[in-house]
Amino acid sequence: MMQARAVVCGYGAADEILKGVDLVVAKGEMVAIVGPNGAGKSTLLKSIAGMLRLKSGAILFKDAEIQDTTPRERARIGIAFVPQEANIFPTMTVRENLEIGGFIAPALVPERMQSIFARFPMLAEKSRQQARTLSGGQRQILAMAMALMVDPDLLLLDEPSAGLSPKAADALFDEIAAIHAGGTSIAMVEQNAYEALMIADCGVVLVDGRAVRSGPARDLAADRDVRRLFLGA
Ligand SMILES: Nc1ncnc2c1ncn2[C@@H]1O[C@H](COP(=O)(O)OP(=O)(O)O)[C@@H](O)[C@H]1O
Ligand SMILES: [Mg+2]
């Protein structure tokens, strides 16, 4: 589905934050990207979503090179990105947020909104409320639902559980697992490394702009070095 090959990119003069990262997300697969703060996890998701220009390397989606396309074009071909912050419009209603999420295909908005409301009844109940009135967990559901409005094949999630209580994070992980079970490919960055690896198929450990480990998620969760360094075990 998606392959990042030897990706080098960064910001302005610091253009080698990622120092040659490979990442594969197979069709229907969920990959957890873990690692310490500042490792480049968000940068990797931004490069896949089209927010950053690569210095070198390639990004393939459905067998085509897409590294020179715009974020909008990537959304159109099936890549949806949920950034860690500022991922909803607080003073707009839940319904308006979903309409914005569906901007790529306005004609399909009513139909997709109905299926979002069926999946997340809480959003239907609160559809006329401003998004700022939602709880932290509900906001993250809304942010994900906005991304689902484009009916993506690949969902990129940056720290979806950040700032949530353990209970709200668990509920969110259940929803993410359900989206994955429905066939959507997912690449998820998470501080909650252990929980992320528990619901993912594969994992990648990113340290200082390099993928230092990758493999089946359960193997990584059980790996002694990974546990000691990143899982606090
Ligand atoms: N907009 C930016 N401009 C310049 N440097 C940035 C920017 N965003 C992130 N960085 C730097 O890139 C590195 C990786 O950041 P990031 O991808 O956010 O790490 P992570 O998500 O793993 O915590 C850090 O050193 C950070 O300071
Ligand atoms: Mg980050």
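Quick note: residue numbers are just sequence positions, from 1. Just follow the structure's listing: the first ligand is 1, and inside any ligand the first atom is 1.
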- Item | Sub-4.0 Å protein heavy atom near atom 17 (O) of ligand 1 |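 Flag for atom 17 (O) of ligand 1 set to true, protein heavy atom closer than 4.0 Å.
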
- Task: State whether any protein heavy atom lies less than 4.0 Å from atom 26 (C) of ligand 1.
- Result: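 Flag for atom 26 (C) of ligand 1 set to false, no protein heavy atom closer than 4.0 Å.
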
Quick one: nearest non-hydrogen protein atom to [atom], plus distance?
{"atom": "atom 15 (O) of ligand 1", "answer": "T43 OG1, 3.8 Å"}
{"atom": "atom 24 (C) of ligand 1", "answer": "G38 O, 3.9 Å"}
{"atom": "atom 5 (N) of ligand 1", "answer": "Y11 CD1, 3.5 Å"}
{"atom": "atom 19 (O) of ligand 1", "answer": "G40 N, 3.2 Å"}

- Atom CE in M149, atom CD1 in I104: separation rounded to 0.5 Å?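 Answer rounded to 0.5 Å: 12.0 Å.
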
- Item | I17-ligand 1 polar pair, N/O distance under 3.5 Å |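 I17 vs ligand 1: no N/O contact under 3.5 Å.
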
Could you tell me whether the side chain of [X] and the main chain of [Y] form a donor-acceptor pair under 3.5 Å?
{"X": "Q67", "Y": "I59", "result": "yes"}
{"X": "E29", "Y": "D201", "result": "no"}
{"X": "R218", "Y": "M198", "result": "yes"}
{"X": "R139", "Y": "L134", "result": "yes"}
{"X": "N97", "Y": "F89", "result": "yes"}

- Message: Distance alone, cut at 3.5 Å: any donor-acceptor contact between the side chains of T69 and R74?
- Response: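 Distance-only check passes for T69 and R74.
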
- Message: Suppose we only count N/O/S atoms under 2.8 Å; would Q84 qualify as near the Mg ion (ligand 2)?
- Response: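 It does not; every qualifying atom lies at 2.8 Å or beyond.
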
- Item | Per-atom contacts of ligand 1 with A39, taking only distances under 4.0 Å to non-hydrogen atoms |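 Near A39, the atoms of ligand 1 are 19 (O), 20 (P), 22 (O).
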
- Identify, by atom number and element, the atoms of ligand 1 in contact range of N37, meaning under 4.0 Å from any of its heavy atoms.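 Once the distances to N37 are compared, the set is 23 (O).
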
- Task: Please verify whether a non-hydrogen atom of P36 lies at under 4.0 Å from ligand 1.
- Result: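 Flag set, P36 near ligand 1.
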
- Quick one: does A14 get a heavy atom under 4.0 Å from ligand 1?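 It does not; every heavy atom stays at 4.0 Å or beyond.
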
- Compare all side-chain heavy atoms of I66 with those of E73 and state whether any distance is below 4.5 angstrom.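 Not in contact.
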
